[in-house]
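Remarks on the structure that follows.
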Amino acid sequence: MSRLKPWCLIVLMGLPATAQADAGSGYGPEGYEARKGERGEPMPLRQDPLKLRGHRAAAVGKGMTVLGTARIDPPREQGVSVEPVLASYRSGGVDHVIAAWHQIDFAPERDRLQLGAAVSHDSGASWQARVYAEVGNLGSIFFDPYAAADAQSGTLWAGALARPVLPAEAQRSPGLFLIEARGQGALSEARVIDREADDKTVMAFRREGNQTRLVIAGTRFVRWSDDLGVSFNRVANNAMALGEGTGYAPVLLPGQQLLLTGVRARLPPAPLVQQVASRSTDLSQGPAPATPIHVHNYTTLATLDQAVPGRFRMAPFGQTASASDGTLYHVYPEIVSGGNVDVLLLRSTDGGQTWSAPVTVNADQNARDQFHPALAVAPDGSVHVLYFDTRRSQQEDTSAVALLDVVHAVSRDGGNSFAETFLTGQPFEATNIAWRPFGSVDYFVGDYLALTATADAVYAAYPEFIGNQTALRVAKLANQSFAIGPGITGAWYDPNQSGHGLFLEVLPEQRLLAWWFTFDSQGRPAWLGGVGTISGNTALIEGAFTTQGGRWIPNFNPASVSNTRWGRLRFRFDSCTRGRVDFESVDPAYGSGFMDLTRLTLPAGLSCP
């Protein structure tokens with residue numbers, strides 16, 4: 001499922017027409033002026049000394065294990081990488097992940113606003129990155145990336161909006177382009193799919209049997225493809241008129257029904273900000289009119305910006321995701337009692353027609369601010385939320401300084417309670433970004449973060465300050481409550497295939513020794529195995545081998561023993577008594593497949609878990 005990207009265009013309310021025009025020139029694609037971006041030294045701190053404090057543990061349950069992190073954008077002398085999107089699928093025991101982001105490279109005359117993208121075909125162990133600077137004649141100012149994935153066709157998609165640099169063409173409608181990676185392949189060249197686009201574009205995908213649908217929703221249009229992105233149809237977004245709503249997050253429901261959630265700003269004389277939803281059963285007729293699902297307790301977007309420390313714009317928009325059982329979840333930032341901002345979650349069990357009362361995701365009991373939430377639902381139904389957090393900072397809301405952590409929260413009870421994990425060791429000083437593309441804000445931390453989840457792991461993307469660069473980092477978290485420990489040591493077999501099995505031993509430094517005592521295709525005894533690396537509840541032995549050449553004592557000669565590469569073994573354990581081994585041999589006589597595992601023995605002195 002696509003990472004459901006929120007807002008990049010602020011909706012101005014309660015201003016005279018001339019004031020709206022002036023202020024609006026600093027937002028959305030028209031705000032990316034064809035000039036050098038304003039930058040400067042980080043804001044002085046001596047008048048507002050940094051105040052750090054330790055954070056409390058999550059109020060409920062236990063957070064997830066971080067398996068590792070990686071920087072995925074290309075290193076450079078100066079630049080900013082923000083506003084990531086992620087999408088993923090799992091196939092053959094491996095996660096395939098695509099990331100895209102807004103990449104700004106500083107230059108003397110004009111900053112380069114590009115699309116950065118990267119793919120991983122080995123569950124995040126390595127990434128292949130590419131930067132897109134020109135796409136046809138659409139222009140070279142890229143913004144608002146989007147992404148989606150399909151396991152059956154083995155396709156990862158990403159793309160972005162693009163518009164010209166030249167001032168004379170600055171008001172020309174932006175265009176849309178698409179890139180993809182299939183199978184184990186690298187990222188493709190960019191392909192133009194629409195020369196008349198709109199702002200705040202988000203992508204989603206759904207497969208039902210042999211029917212597929214890829215949707216790209218924006219403020220003015222909804223586009224869809226039923227041939228895996230080869231061609232697209234387009235219809236006007238009737239959910240609400242341009243200027244009254246934006247930040248659409250599409251979710252495809254059973255029967256390829258489309259649910260759009262976004263934000264509607266009702267103008268004076270009664271200014272109001274609402275979370276809204278629109279449902280469509282026939283895309284050719286366009287989305288139906290939107291109905292409110294929640295009314296915010298702030299009446300202007302400026303109020304939200306002023307509710308957190310630091311001078312950067314704050315996205316009021318939420319994200320929506322669907323569980324495999326059809327339950328819908330929606331997260332958004334909200335000003336709560338005491339004036340702080342929290343991340344709240346709504347739930348719907350009737351396809352978005354009605355929604356629950358909000359649940360607070362963050363565990364700081366309204367002590368500080370949390371905002372820019374990203375949302376993903378894993379195949380096991382666990383709900384994952386990512387957000388910026390200021391609880392390790394004591395800056396007032398009026399302060400120019402903002403110390404931001406990135407926090408992941410997980411719920412395994414349908415969104416009723418959450419447990420948190422801090423992904424940042426130290427808070428990120430937002431003023432260090434020092435890039436100001438919009439005239440009315442001092443610096444730009446992006447408008448959103450990114451999450452995607454598979455059956456094995458959750459991937460979170462967020463900015464990180466390194467030297468003179470704002471880099472993009474992806475953290476991989478174990479998406480399971482069980483993790484391989486010493487108690488997995490012992491003998492394992494499949495009761496339906498009694499007569500062969502494996503001996504496993506958990507070694508120091510997260511390593512697993514495995515030997516499979518079995519038979520070859522001719523019925524001769526065969527031993528195969530090796531040592532691999534443990535990651536959460538999985539372990540991979542990349543170079544399993546077989547041995548031959550030995551003889552029974554006293555005729556054993558070590559020099560006669562040779563090891564021959566056999567292939568790959570991948571283990572996954574869901575409990576202390578149940579697991580599975582997937583195998584892929586380089587020898588066609590063994591082929592590939594899997595065997596379910598049940599514990600046979602537990603060595604004396606060990607316990608599990």
Side-chain angles (χ1 to χ4, degrees), residues 56-68 90 93 95 123-125 363 378-382 384 408-413 416-423 453-458 475-518 527-544 568-583 594-609:
R56 292 179 286 106
V60 179
K62 178 182 178 182
M64 294 175 62
T65 301
V66 179
L67 302 176
R90 186 168 179 81
D95 292 340
S123 301
D380 65 359
S382 56
H384 302 266
H408 169 271
V410 59
S411 173
R412 299 192 181 278
D413 58 5
N416 291 310
S417 62
F418 285 84
E420 293 181 318
T421 301
F422 274 66
L423 302 185
T454 70
D456 184 65
V458 176
K476 179 181 178 182
L477 297 91
N479 186 30
Q480 64 282 315
S481 56
F482 183 80
I484 295 175
I488 289 297
T489 297
W492 296 76
Y493 80 123
D494 182 351
N496 296 318
Q497 300 184 40
S498 182
H500 73 125
L502 298 96
F503 282 133
L504 306 180
E505 183 177 352
V506 176
L507 305 176
E509 300 178 349
Q510 290 294 98
R511 294 179 299 156
L512 178 70
L513 169 69
W515 276 100
W516 197 338
F517 299 93
T518 185
W527 298 1
L528 57 99
V531 177
T533 302
I534 296 171
S535 176
N537 72 334
T538 66
L540 174 63
I541 300 177
E542 190 67 52
R568 173 187 298 165
L569 298 174
R570 186 182 300 273
F571 295 87
R572 178 185 177 94
F573 293 91
D574 299 318
S575 70
C576 292
T577 58
R578 297 289 180 183
R580 166 173 160 155
V581 57
D582 290 83
F583 60 87
F594 70 92
M595 185 171 79
D596 292 323
L597 298 176
T598 298
R599 179 186 291 280
L600 185 63
T601 66
L602 177 66
L606 288 181
S607 62
C608 183

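Only heavy atoms go into these numbers, but all of them, side chains included; no hydrogens, no water, no symmetry mates.
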(message) Ignoring hydrogens, what is the shortest heavy-atom contact between Arg412 and Ser382? Give both atom names and the distance.
(response) NH1-CB, 3.6 Å
(message) Quick check against the 3.5 Å criterion: does Arg570 have a side-chain atom that pairs as donor or acceptor with the backbone of Gly93?
(response) yes
(message) Measuring from atom CZ of Arg511 to atom CD1 of Ile484, what distance do you get when rounded to the nearest 0.5 angstrom?
(response) 14.5 Å
(message) Test your reading of the model: is there a side-chain donor-acceptor pair from Thr601 to the backbone of Ala491, 3.5 Å cut-off?
(response) yes
(request) Flag the pair Asp95 and Arg90 as a salt bridge only when some basic side-chain nitrogen lies within less than 4.0 angstrom of an acidic carboxylate oxygen. (result) yes
(request) Any chance you could lay out the salt bridge (Lys or Arg N to Asp or Glu O under 4.0 Å) test for Arg572 and Asp582, step after step, and finish with the verdict? (result) CA-CA 8 Å; Arg572 178 185 177 94; Asp582 290 83; over 6 Å; no
(request) List the atom of Gly490, the atom of Pro603, and the distance in Å for their closest heavy-atom pair. (result) CA-CD, 4.0 Å
(message) Let's go through Asp456 and Asn537 carefully: what are the C-alpha distance in whole Å and the side-chain angles of both, what is the deciding distance for side chain to side chain contact (heavy atoms under 4.5 Å, CB included) to 0.1 Å, and is it a yes or a no?
(response) CA-CA 8 Å; Asp456 184 65; Asn537 72 334; 3.5 Å; yes
(message) For the backbone of Met64 and the side chain of Thr421, can you confirm whether one donor and one acceptor N or O come within less than 3.5 Å of each other?
(response) yes
(message) Side chains of Met595 and Leu502, heavy atoms from C-beta outward: is any pair under 4.5 Å?
(response) yes
(message) Keeping Arg599 on the side-chain end and Cys576 on the backbone end, is there a donor-acceptor pair under 3.5 Å?
(response) yes
(request) Starting at CG of Leu540, measure out to CZ of Phe571 and round the result to the nearest 0.5 Å. (result) 10.0 Å
(message) If we check side chain to side chain contact (heavy atoms under 4.5 Å, CB included) with Ile488, which of these qualifies: Val506, Leu602, Leu606?
(response) Val506
(request) Determine whether the aromatic ring centres of Phe573 and Trp492 lie less than 6.0 Å apart. (result) yes
(request) Taking the side chain as every heavy atom from C-beta outward, state whether Asp596 and Asn496 have any atom pair closer than 4.5 Å. (result) no
(request) Starting at CG of Leu513, measure out to CD1 of Ile541 and round the result to the nearest 0.5 Å. (result) 7.0 Å
(request) Classify the ring geometry between Trp516 and His500 as parallel (under 30°), tilted (30 to 60°) or perpendicular (over 60°). (result) parallel
(request) Check whether any side-chain N or O of Lys476 sits under 3.5 Å from a backbone N or O of Ala457 as a donor-acceptor pair, and report yes or no. (result) no
(request) Indicate the atoms forming the closest heavy-atom contact of Phe503 with Phe517, along with that distance. (result) CD1-CE1, 3.2 Å
(request) Enter the distance from Leu67:CG to Thr538:OG1 here, rounded to the nearest 0.5 Å. (result) 7.5 Å
(message) For Ala453 versus Pro379, what's the shortest heavy-atom pair and its separation?
(response) O-CD, 4.1 Å
(request) For Ser575 and Arg578, work out which heavy atoms get closest and say how close. (result) OG-N, 3.1 Å
(request) Measure the spacing between CG of Leu512 and OG1 of Thr533 and express it to the nearest 0.5 Å. (result) 9.5 Å
(message) How close do Asp413 and Ser411 get, counting heavy atoms only, and between which atoms?
(response) OD1-OG, 2.7 Å
(message) Could you measure the distance from the OG1 atom of Thr598 to the CG atom of Asp494? Nearest 0.5 Å is fine.
(response) 6.5 Å
